[in-house]
Amino acid sequence: MHLEVSEIRVERGGRRVLDGLSFALAAGEALIVTGPNGAGKSTLLRALAGLLPLAAGRIAVTGPKDAPPCREIVHYLGHVDGSKASLTAAENLSFWAAILGRGSALRPPEALASFALAHAADLPLAVLSAGQRRRVGLARLLIAARPIWLLDEPMTALDTASRARLLDFIRAHLGQGGLVVAATHAALDLPNARQLALRH
Amino acid sequence: MGDALAALFWREVKIARRTGGAASIGIVFFLVLATIFPFAVGPDLNLLARLGPAILWIAVLLSTLLGLDRLFQADHEDGSLDLMLTSATPLELIVLVKCAGHWLTTALPLVIVAPLFGLALAQDAAALARLTLSLLVGTPALTLIGAVGAAVTVSLRRGGLLMAVLVLPLAIPVLIFGVSAAGIGATDPVPFAAPLAILGALSLAAIAGAPFAAAAALRYAGE
Amino acid sequence: MPNIANPTIFLSFVRRLLPWSAALAIILLTLGLYLTFFVAPPDYQQGETVKIMYLHVPAAWLSLFIYIVMTVAALGTLVWRHPLADAGQKAAAPLGAAFTFICLATGSLWGKPMWGTWWVWDARLTSVLVLFLIYLALIALWQAIEEPGRAARAAAIMTLVGAVNLPIIKFSVDWWNTLHQPASVFRIGGPAIAISMLLPLIVMAIAATFLFLTLHMMAIRNEILRRRLRRLTILAAEQSDAPAYIAPEPAR
């Protein structure tokens, strides 16, 4: 699995947010995207997820097999989790497992247990704290096997223990030959990490 | 893909049932609309019997459309829509299934309670049957036409009124054939099979076409 | 600025073409009005009121023609994402609403002496009224969405949905009308119309079309300039050069 981004330009609202950006990531590599607010970190992740059109350039994924379009093999973790307050944690996760395609990943109760939420599986999200909800969102990474993880500020609203746990899962994902692109203010201690600093 | 769509359908139904808001408020709104009409036209039962199908169809039209503005907005705000776009399931089918769930939880209850309000408007048994059948056949078209308006206005915080303005002119054919099939006058013989068939055709055309327009609008909204 | 390349050519094209099309529109309108009032005969039943037709029919023609122009522009927006198509769509909507309103108003004025009332729910007039509502809804949509590219795509989808629906609306209004009243009141056209009436009508229709084209070009020009102003405002807000990057390097 190999991700190649060449000379992409992305415009939003008549504003040129990214221009002439290129990088390549091989299997097991992570890219840490840093930069001030408004520099285009989220825009880059959304473009990689196929949610934003490219005004120029291209994003290519080459894999061992014929790779499906990039947007179908990415886990996109944005600022909001796409979870519903009226559904239980397990229901939210099994829904995303069905929509994103399960593959060989964990089942919802196991994924929740991985983030220390086994007790909350059958509770509606409405009663969970912001940190617990964020962990339910993170557990989504484990219920569908997708090789490219796009993480937008993954450490927000997490306590120290959960951060360490998430880092473990990211390392394990990289160890299995996955790719990670993370936009972050905080430093991430990852092996094989490249840095990309965006500025205005 | 079938799994994904089934999961989506049951999620819609579960959310509607647990939050309880949309369907029950829709029915109450429908009741309020049907109640204020006699205040406007007077309590004359002959007149109400004549206007009954029209009153009920307009009440269903407004209740269905006004309940639709949140159809995609909640998913847009909480990021669900972004995640659905990264699915292998085409967004057009996702839209169609969401509409099916919405129809089942908000429009179908209206179809079921409409005959009760019909009784209050002096409709006889035959008229009630025609009314119910016309609503059953016509409401899918209303939901899907409304879904296009909901998708186009999804990123607008106060898009409800704009959505009604966009969608109501397009719902005119459904209203025309719906009211015709329901019977405009209780006494004079009005054709039934032809308008009902056309109403069915409108619903089928909306099912075939509207998901493409709505999905396109939702993709642009994520940009 | 690659997107501006085409609009720039368009602007210089407009600058050269505009005087000619404006002059043509004025000449044709003068000629058409002269033919209407001094050549065309009064109707033996309707008298001089029939001359409202020479405004009404060209306005009716434009109300449809402008929707076709808007539909083509909407395709341009969705398929090629062309800013000129965006501007063409946006500029056409208020003009379409204006000509549709002229069509409705003249129809109503014409109807007063004929039907004795300002409005009847005649199939043709009612269809035009629905078209007017669709124009107004599209204008509202344009105004509701601030960012022009986003507004253009939303309006394009609604315009195309409207284009598909207009024949259905026309058909259903006709059906509704025959159900409620047996015959349409308007009877224009057909073989009965004399050449002395047809000629002014054609001249007026062509004049109105050129009037629209002139106004449309002016409105597109304004829209392009408005977009440039917006872009310059954004650039001023950013107060820095184009984004630049530090090349990625492995950090071990």
> Go through the atoms of L202(B) and report whether side chain, backbone, both or neither lie under 4.5 Å from a heavy atom of chain C.
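Answer is side chain: those atoms of L202(B) sit under 4.5 Å from chain C.
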
> V165(B), V152(B), I145(B): which one forms the most heavy-atom pairs within less than 4.5 Å of chain C?
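Among V165(B), V152(B), I145(B), the one with the most close pairs to chain C is V152(B).
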
> Could you walk me through whether F171(C) and I198(B) satisfy the side-chain contact (heavy atoms from CB on, under 4.5 Å) test, starting with their C-alpha distance in whole Å, then the side-chain angles of each, then the deciding distance to 0.1 Å, before giving a yes or no?
CA-CA 11 Å; F171(C) 161 73; I198(B) 297 173; 4.1 Å; yes

> For L161(B), I'd like to know if atom CG has over 12 heavy atoms of other residues, nucleotides or ligands within 6.0 Å.
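Incorrect, the count does not exceed 12.
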
> Looking only at heavy atoms, what is the nearest atom pair of P169(B) and I134(C), with distance?
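Distance-wise, the nearest heavy atoms are CB-CG1, 3.8 Å.
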
> Between V161(C), N165(C), L136(C), I157(C), which has the largest tally of heavy atom pairs under 4.5 Å with chain B?
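Most heavy-atom pairs under 4.5 Å with chain B: I157(C).
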
> Which bit of L166(B) is near chain C, if near means a heavy-atom gap under 4.5 Å: side chain, backbone, both or neither?
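Both the backbone and the side chain of L166(B) come within 4.5 Å of chain C.
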
> Under a 4.5 Å heavy-atom cut-off, does chain B meet the side chain of L78(C), its backbone, both or neither?
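For L78(C), backbone and side chain are both near chain B.
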
> To the nearest 0.5 Å, what is the distance between CG on L156(B) and CD1 on I145(C)?
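Going from CG on L156(B) over to CD1 on I145(C), the span is 5.0 Å.
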
> Please round to the nearest 0.5 Å and tell me the distance separating atom CD1 of I176(B) and atom CD1 of I168(C).
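Taking CD1 in I176(B) and CD1 in I168(C), the distance rounds to 11.5 Å.
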
> What do you reckon, is CZ of F101(C) surrounded by more than 12 foreign heavy atoms closer than 6.0 Å?
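No, because the 6.0 Å sphere around CZ of F101(C) holds 12 heavy atoms or fewer from other groups.
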
> Using the benzene-type ring in the case of Trp, are the ring centres of F177(B) and W175(C) under 6.0 Å apart?
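Close enough - the centres of the two rings lie under 6.0 Å apart.
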
> In Å, rounded to the nearest 0.5 Å, how long is the span from CD1 of I172(B) to OG1 of T126(C)?
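Reported value, rounded in 0.5 Å steps: 9.5 Å.
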
> Give the C-alpha distance, both sets of side-chain angles, the deciding distance and a yes or no for salt bridge (Lys or Arg N to Asp or Glu O under 4.0 Å) between R81(C) and E223(B).
CA-CA 13 Å; R81(C) 286 183 178 257; E223(B) 287 180 5; 2.7 Å; yes

> Between atom CG of L160(C) and atom CZ of F212(B), what is the distance when rounded to the nearest 0.5 Å?
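Between atom CG of L160(C) and atom CZ of F212(B) there are 14.5 Å.
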
> Quick check for you: to the nearest 0.5 Å, what is the distance between L133(C) atom CG and L170(B) atom CG?
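Reported to 0.5 Å precision, the distance equals 10.5 Å.
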
> Examine whether an atom of V164(C) lies under 4.5 Å from a heavy atom of chain B, and if so say whether it belongs to the side chain, the backbone or both; otherwise answer neither.
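No part of V164(C) comes within 4.5 Å of chain B.
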
> Using a 6.0 Å cut-off, check whether atom CZ of F210(C) has over 12 heavy atoms from anything other than its own residue.
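Counting neighbours around CZ of F210(C), 12 or fewer heavy atoms of other residues, nucleotides or ligands fall under 6.0 Å, so no.
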
> As an exercise, state the distance from CD of E146(C) to OG of S155(B), rounded to the nearest 0.5 Å.
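Atom-to-atom, E146(C):CD and S155(B):OG are 11.5 Å apart.
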
> Non-hydrogen atoms of chain B under 4.5 Å away: do they reach the side chain of L141(C), the backbone, both or neither?
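For L141(C), heavy atoms of backbone and side chain both lie under 4.5 Å from chain B.
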
> Considering non-hydrogen atoms only, spot the tightest contact between A140(C) and L162(B) and give its length.
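Result for this residue pair: CB-CD1, 3.6 Å.
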
> What part of L175(B) gets within 4.5 angstrom of chain C, counting heavy atoms only: side chain, backbone, both, or neither?
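Neither part.
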
